[in-house]
Amino acid sequence: MLDSLRKIVQEVNNARDFPSLLKIIVAQVKMTMATGMCSIYLLDKQSSRYVLCATEGLLPEAVGTVAMPSDEGLVGLVASRAEPINLEHAGTHPRFTAFPESGEEKYSSFLGAPIIHHREVLGVLVVQQQQRRKFDESEEAFLVTISAQLAGTIAHAEATGELALTTSPGSQKTRETSYHGIGSAPGIGIGEAVVLSSPSDLHAVPKRRAEDAKAELRQFRKALRSTRSDISAIQIELTGTLNKEELAMFDVYVSLLDDRSLGGEVVALIREGFTAQSAWSQVILEHVRTFKRMDNEYLRERAADVRDLGRRVLEHMQQTSKSARVFPKNVILMGEELAASHLAEIPLEDIRAIVSVRGSQNSHMAIIGRSMGIPTVMGAIDLPLTEMDGLQIIVDGHLGQVIPNPSRKVLRAYKATYRDEQALAKDLLSTVDEPCITADKDPVSLWVNTGLRVDVQLSLEYGAEGVGLYRTEIPFFLQERFPSEEEQRVIYREQLELYAPRPVTMRTLDIGGDKALPYFPIEEENPFLGWRGIRVTLDHPEIFLAQVRAMMRASQGLDNLRILLPMISNTLEMDSAVALINRAYLELTVEEGFRLEMPKIGAMIEVPAAVYQTRELAQRADFLSVGTNDLTQYLLAVDRNNPRVSELYHSFHPALLAALKEILLQAKAADCEVSVCGEMAGDPLGAVLLVGLGYRTLSMSATNLLRVKAVLRQLKTSEMDDVAALACTLSDAAAIKSSLKQALDRPGIARLIRAQSTMNH
Ligand code: PEP
Ligand code: MG
């Protein structure tokens with residue numbers, strides 16, 4: 001059964017389009033289960049009916065005409081109960097409804113399984129047989145398994161509008177197909193899509209048209225020549241290691257590039273107007289699909305060869321075309337999994353919005369988007385990336401929506417919202433010189449999280465009182481190797497100088513997890529629980545020492561440096577890191593003669609273990625900083641990058657509130673200062689909650705600073721205490737959020753909170 005299942009799923013993945021995919025499912029399931037018929041019914045959301053969309057065994061003309069709501073028929077019963085129904089004689093069941101036009105009267109036994117995606121019933125998969133018998137347990141389990149496997153594919157078709165076209169064939173694909181993701185940085189962005197593909201990813205190559213076919217042909221031929229010479233170089237290297245027959249395989253491999261083979265098909269597509277890269281990836285992927293479908297195992301294996309060849313040629317083409325690309329002035333940056341390094345390719349001031357197919361609201365790309373004030377949508381998993389390049393796009397960072405080719409009406413509406421937002425931002429600018437004090441004059445320090453150069457400008461403009469978190473890994477991302485001590489000193493000096501005399505908290509390198517340096521890849525099964533943050537740098541004292549030495553040397557004469565240690569999960573890590581910092585300080589001052597003040601050293605509280613050791617860590621540190629992004633992830637066991645569980649990632653979870661209370665209590669008992677630097681601090685609702693819990697230093701993206709200040713200035717501390725006290729009595733995150741919203745639903749505040757709707761669901 002497992003083999004058949006795999007085969008069906010593979011066939012389905014190779015289907016050309018949605019209708020053929022449905023046909024494959026019904027044909028394969030019918031054959032594998034040796035039944036008389038297999039049909040698939042899908043929910044038409046407009047009419048709320050389950051429509052017969054594909055069948056093997058019923059009359060073909062019934063497709064698209066037989067349909068029933070969830071309170072009618074056996075299919076409706078499977079859908080409404082959301083569980084399988086297995087009947088020996090369907091005709092005698094009270095819910096049986098006859099559809100003579102389908103030709104189903106000859107069947108007796110019935111087995112139906114719901115197709116469920118994210119708790120929603122999208123359709124029903126049915127098998128029937130003439131012979132009166134109950135399907136056995138293993139058959140039922142098979143149908144349930146197949147339905148579960150197909151649910152994601154069907155949900156994708158729903159998102160792209162193909163499902164609607166299938167359930168109501170007369171309907172037009174609406175011009176405003178919109179794609180949903182996770183709103184990760186608020187705001188509206190309107191511009192032209194620029195899809196940045198990961199190098200040599202055949203699936204990510206945009207289907208783009210070219211203006212100059214001759215130039216494309218030249219580029220293609222050049223890439224072929226380079227690939228041929230690469231392969232013959234490998235062949236020469238392996239002579240002596242491989243025998244003659246094995247070496248001859250390389251000739252076969254190279255011959256695939258000939259005009260009589262793959263090359264010829266690509267040339268034809270280029271002549272039709274496609275870019276060389278797009279033509280090449282289309283041809284290669286088609287051949288990979290064909291090989292994968294073959295029954296002969298040897299031929300199936302050849303799919304990998306074709307794919308490999310495909311990547312090699314593509315890589316050469318990408319190298320030549322990279323420098324030639326001219327970007328528009330209003331870029332909607334899109335990619336499969338965008339990372340900080342992609343930002344280096346386009347001038348930052350030209351980026352209007354960011355859309356990433358993978359990732360979630362707490363991925364680092366999202367944090368960077370927020371810190372730069374660029375509307376960002378993460379986890380847009382259904383977005384057909386290859387078709388987006390060059391299209392006009394609206395990105396709604398509040399709702400997490402991406403709208404390609406908007407109609408004039410929609411465009412007008414979004415432009416108006418954009419203007420309102422600009423007006424609000426302008427109003428907020430008038431509060432720049434006001435102090436951040438609550439309505440009853442209690443001061444709250446607002447610091448900023450930085451990493452990019454643009455942060456500095458904004459945060460100084462907005463009156464930040466200091467830097468609560470400087471993510472040193474960000475300048476590391478933008479290099480091609482580890483920066484030297486001197487190179488780092490120059491970068492850090494700039495930060496420290498620009499903010500002096502205000503304190504700057506520099507966090508030591510926090511790589512691992514979702515932050516991989518291109519030149520220091522860490523490949524792990526479970527990276528968030530692996531070699532991350534302080535674990536990496538303690539294992540590489542040379543990297544750690546160079547970094548803290550650079551920081552200290554950079555602070556000479558300014559003395560506004562604080563050093564922060566990420567991912568501390570036990571006291572030994574803290575002791576070892578402090579010992580290394582002390583060593584670096586002594587070397588610099590005693591041995592090398594620098595006149596420096598010893599910087600304050602802090603620990604991040606972002607791992608549950610650290611919450612329970614707050615007091616011990618506080619005794620070893622000068623300050624603590626709570627990283628709610630990771631703390632939420634680890635406390636709730638929810639990957640901060642995984643869109644599938646993003647609904648569960650919630651900074652207002654009662655467990656997080658309890659942890660925040662505990663940290664503050666223990667830090668105060670040890671007389672250690674404590675602040676919050678996770679994204680929660682920059683969300684107006686989160687900030688109110690944190691002040692109510694007793695925190696008085698919040699560090700956030702510069703773009704949130706004025707909004708948070710405007711909210712805090714309108715509330716008394718006592719009111720925030722009450723709001724937090726009430727929140728701590730509630731048992732779930734949604735209730736906490738709505739109680740916060742209700743408490744703050746008053747003129748002057750509601751507008752500020754509405755505009756900042758992306759955090760914490
Ligand atoms: C955090 O985890 O809350 C934090 C501030 O660090 P980062 O987001 O860089 O992991
Ligand atoms: Mg963290």
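No experiment lies behind these values; they were computed from the predicted model shown. Note: hydrogens, waters and symmetry copies are ignored here, and every other heavy atom, side chains too, is used. When a ligand or atom number is given, it counts from 1 through the structure's own listing order.
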- Would L424 and L752 satisfy side chain to side chain contact (heavy atoms under 4.5 Å, CB included), going step by step from the backbone distance to the final call? CA-CA 8 Å; L424 174 64; L752 296 162; 4.1 Å; yes
- Item | Nearest neighbour in protein (non-hydrogen) for atom 4 (C) of ligand 1 | N629 ND2, 3.7 Å
- Note on the structure: The atom name of the N, O or S atom in E606 nearest to the Mg ion (ligand 2) is OE1
- Task: Heavy-atom contacts with G678 under 4.0 Å: which atoms of ligand 1 show up? List them by number with element.
- Result: 3 (O)
- Flag for Q547-T472: side-chain donor and acceptor within less than 3.5 Å: yes
- Query: Among all protein non-hydrogen atoms, which one is nearest to atom 6 (O) of ligand 1, and what is the separation to 0.1 Å?
  - Reply: R507 NH1, 3.0 Å
- Do T628 and ligand 1 have an N or O pair less than 3.5 Å apart? yes
- Item | Distance-only side-chain donor-acceptor flag, Q633 / R640, under 3.5 Å | no
- How far apart are the C-alpha atoms of F482 and H540, what are their side-chain angles, what is the distance that settles it, and do they pass the ring-ring contact (aromatic ring centres under 6.0 Å, His included) test? CA-CA 12 Å; F482 280 112; H540 277 282; 7.9 Å; no
- Answer yes or no for R640: is there a heavy-atom contact with ligand 1 below 4.0 Å? yes
- For N449 and S701, what are the C-alpha separation, side-chain angles and deciding distance, and is it a side chain to side chain donor-acceptor pair (under 3.5 Å)? CA-CA 5 Å; N449 297 345; S701 302; 5.3 Å; no
- Message: Please work out, at 4.0 Å between heavy atoms, whether the side chain, the backbone, both, or neither of E679 comes within that distance of ligand 1.
- Response: neither
- Message: Distance under 4.0 Å to a non-hydrogen atom of C677: what atoms of ligand 1 satisfy this?
- Response: 5 (C)
- Message: Tell me whether the rings of Y470 and Y492 are parallel (<30°), tilted (30 to 60°) or perpendicular (>60°).
- Response: perpendicular
- No-hydrogen, no-angle side-chain donor-acceptor test under 3.5 Å, S360 and N641: no
- Check the side chains of T438 and T717 for a donor-acceptor pair under 3.5 angstrom, ignoring hydrogens and angles. yes
- For D630, the N, O or S atom at the shortest distance from the Mg ion (ligand 2) is OD2
- Query: Which part of K515 is near ligand 1, with near meaning a heavy atom under 4.0 Å away: side chain, backbone, both or neither?
  - Reply: side chain
- Task: State the atoms of ligand 1, each with its element, that fall below the 4.0 Å cut-off from a heavy-atom position in L469.
- Result: 5 (C)
